[in-house]
K.L.:
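One structure is given below, represented as structure tokens, and several questions about it will come after.
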Amino acid sequence: MRLSGGQVAVVTGAASGIGLAMARRFAAEGLRVVLVDVEEGALEKAAALLREEEAVVHTRVVDVGERAEVLALADDVYERFGAVHVLCNNAGVGSGAEGRMWEHDPNDWAWAFAVNVWGVFHGIQAFVPRMIAGGEPGHVVNTSSGDGGIAPLPTASVYAVTKAAVVTMTESLYAHLKAEHARVGASVLFPGPHMLRTGLWESHRNRPGRYAKQKPRRTPYRSLAQWEAAMRAAGHEVRFTPVEEVAGLVVEGIRADRFWLLPDSEHSDAQIRARARSMLDRANPSYLESFILD
Ligand SMILES: NC(=O)c1ccc[n+]([C@@H]2O[C@H](COP(=O)([O-])OP(=O)(O)OC[C@H]3O[C@@H](n4cnc5c(N)ncnc54)[C@H](O)[C@@H]3O)[C@@H](O)[C@H]2O)c1
């Protein structure tokens with residue numbers, strides 16, 4: 001679709017990281033932006049930053065895992081702006097799960113699913129019917145991850161399961177939109193190809209009490225800086241992709257109506273091939289063994 005001045009973009013998880021970069025880029029393209037996040041202070045700071053750049057910004061504190069809050073968000077946005085052209089279901093969290101799957105805290109699963117899976121579904125249900133009925137061109141971008149979206153990192157497997165669900169949900173959404181001959185497109189985003197300097201490693205900052213861990217963590221949370229230092233100390237190269245590059249991929253992808261917002265990467269391509277090959281050959285997923293850590 002064509003992006004043009006005055007259109008409206010709704011971005012969840014917009015107070016930080018990739019969501020903020022997408023909102024900023026949409027504003028730079030002349031779109032009015034609705035910044036949605038559960039973290040109020042960070043959300044207001046993000047809005048102030050965009051307003052300094054002359055953007056038309058509306059904010060709303062929403063927990064995307066709560067259906068009623070997402071439905072109320074859509075009512076608010078439609079009352080205020082009358083239309084939505086771009087919807088980015090981007091809010092997401094790392095689950096904080098430790099150890100083997102049979103040792104996981106069920107609340108790690110419940111929380112990660114509430115935000116990463118139900119959050120996307122609530123966004124689709126609250127906005128897509130009105131985007132279709134509006135009759136104007138529109139686009140939905142759902143944020144997945146190479147972890148799960150391509151193949152799981154067994155050390156982050158709850159997250160991976162949620163991100164695999166986002167891919168399948170978006171493929172299904174794409175098919176449903178085509179079946180309706182809707183003027184609304186759909187894409188699934190794989191941020192990268194390298195690491196990103198975002199708040200994802202500190203996801204627990206927004207973990208609500210109702211999903212609190214039932215037993216305390218055995219090991220402290222590791223920050224991105226700590227992980228980076230450990231990787232470098234072990235002699236590994238660590239590369240980062242700027243969030244602005246991810247936002248650029250999204251804008252280009254919406255313009256080109258591209259479903260797979262998958263940056264060029266030999267590493268991703270090798271993983272995709274290995275997984276597809278294993279399925280086609282009915283061979284066991286030996287490609288996962290290289291990821292298995294103690
Ligand atoms: N950072 C990475 O390496 C990476 C890689 C692949 C995919 N992703 C995905 O990108 C998306 C954005 O993450 P990020 O890396 O920018 O992290 P981030 O923590 O910087 O941003 C995520 C935002 O989502 C918000 N959020 C969390 N729970 C929420 C809820 N219940 N309701 C509304 N907002 C909520 C947070 O407050 C935060 O502002 C996520 O879906 C994440 O899974 C990130």
Side-chain angles (χ1 to χ4, degrees), residues 10-24 34-47 49 59-70 72-73 88-96 110-123 126 141-153 156 158-167 169-170 188-211 221 223-224 227-228 238-247 249-250 261-263 265 268:
V10 177
V11 181
T12 70
S16 173
I18 297 161
L20 175 55
M22 290 196 286
R24 211 168 169 189
V34 180
L35 309 186
V36 179
D37 207 283
V38 77
E39 197 177 340
E40 190 167 7
L43 184 61
E44 287 317 317
K45 267 195 205 148
L49 175 79
T59 59
R60 190 164 170 111
V61 177
V62 171
D63 181 338
V64 297
E66 293 292 310
R67 183 178 177 81
E69 292 187 30
V70 182
L73 162 73
C88 297
N89 291 307
N90 167 76
V93 293
S95 72
W111 178 45
F113 266 77
V115 183
N116 299 4
V117 182
W118 285 97
V120 177
F121 173 68
H122 295 326
V141 178
N142 296 330
T143 304
S144 178
S145 170
D147 178 14
I150 296 176
L153 270 175
V158 186
Y159 181 80
V161 176
T162 65
K163 293 301 182 178
V166 172
V167 173
M169 201 186 324
T170 315
V188 61
L189 171 64
F190 298 79
H194 306 299
M195 300 290 297
L196 291 120
R197 284 193 200 282
T198 71
L200 195 68
W201 290 62
E202 319 285 338
S203 291
H204 47 279
R205 71 192 183 281
N206 293 316
R207 186 168 180 150
R210 66 186 178 286
Y211 293 121
Y221 287 104
S223 70
L224 175 57
W227 176 85
E228 192 183 343
V238 184
R239 292 178 68 189
F240 287 91
T241 300
V243 285
E244 292 76 15
E245 206 175 296
V246 177
L249 184 84
V250 170
L261 303 183
L262 184 59
S265 157
S268 306

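As the structure lists them, so they are numbered: ligands from 1, and atoms in each ligand from 1.
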K.L.:
Taking only heavy atoms of the protein into account, state which residues are under 4.0 angstrom from an atom of ligand 1, in chain and number order.
P.N.:
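Ligand 1 pocket, heavy atoms under 4.0 Å: Gly13, Ala15, Ser16, Gly17, Ile18, Asp37, Val38, Glu39, Val62, Asp63, Val64, Asn90, Ala91, Gly92, Val93, Val115, Thr143, Ser144, Ser145, Tyr159, Lys163, Pro191, Leu196, Thr198, Gly199, Leu200, Arg205, Asn206.
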K.L.:
Which pairs would a plain distance check flag for residues 61-68, meaning a side-chain donor or acceptor within less than 3.5 Å of a matching protein atom at least two apart in sequence or in another chain?
P.N.:
from: Asp63; atom 1: OD1; to: Gly65; atom 2: N; distance (Å): 2.9
from: Asp63; atom 1: OD2; to: Arg210; atom 2: NH2; distance (Å): 2.9
from: Glu66; atom 1: OE2; to: Arg210; atom 2: NE; distance (Å): 3.4
from: Glu66; atom 1: OE2; to: Arg210; atom 2: NH2; distance (Å): 2.9
from: Arg67; atom 1: NH1; to: Gln125; atom 2: OE1; distance (Å): 2.9
from: Arg67; atom 1: NH2; to: Gln125; atom 2: OE1; distance (Å): 2.7

K.L.:
Excluding sequence neighbours, so at least two apart, what forms side chain to side chain donor-acceptor pair (under 3.5 Å) with Ser265?
P.N.:
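Only Ser268 meet the side chain to side chain donor-acceptor pair (under 3.5 Å) criterion with Ser265.
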K.L.:
Taking atom CH2 as the centre, does Trp118 end up with more than 12 heavy-atom neighbours from other residues, nucleotides or ligands that are less than 6.0 angstrom away?
P.N.:
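Atom CH2 in Trp118 is not crowded, with 12 or fewer foreign heavy atoms closer than 6.0 Å.
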K.L.:
Among residues at least two apart in sequence or on other chains, which ones pass salt bridge (Lys or Arg N to Asp or Glu O under 4.0 Å) with Glu39?
P.N.:
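Counting only residues at least two positions away or on another chain, Glu39 forms a salt bridge (Lys or Arg N to Asp or Glu O under 4.0 Å) with Arg205.
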K.L.:
Please check: side-chain N/O of Thr59 versus main-chain N/O of Glu44, any donor-acceptor pairing under 3.5 Å?
P.N.:
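Judged by distance alone, no pair lies under 3.5 Å.
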K.L.:
So which of Val11, Leu49, Leu35 actually passes side chain to side chain contact (heavy atoms under 4.5 Å, CB included) with Arg24?
P.N.:
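That would be Leu49.
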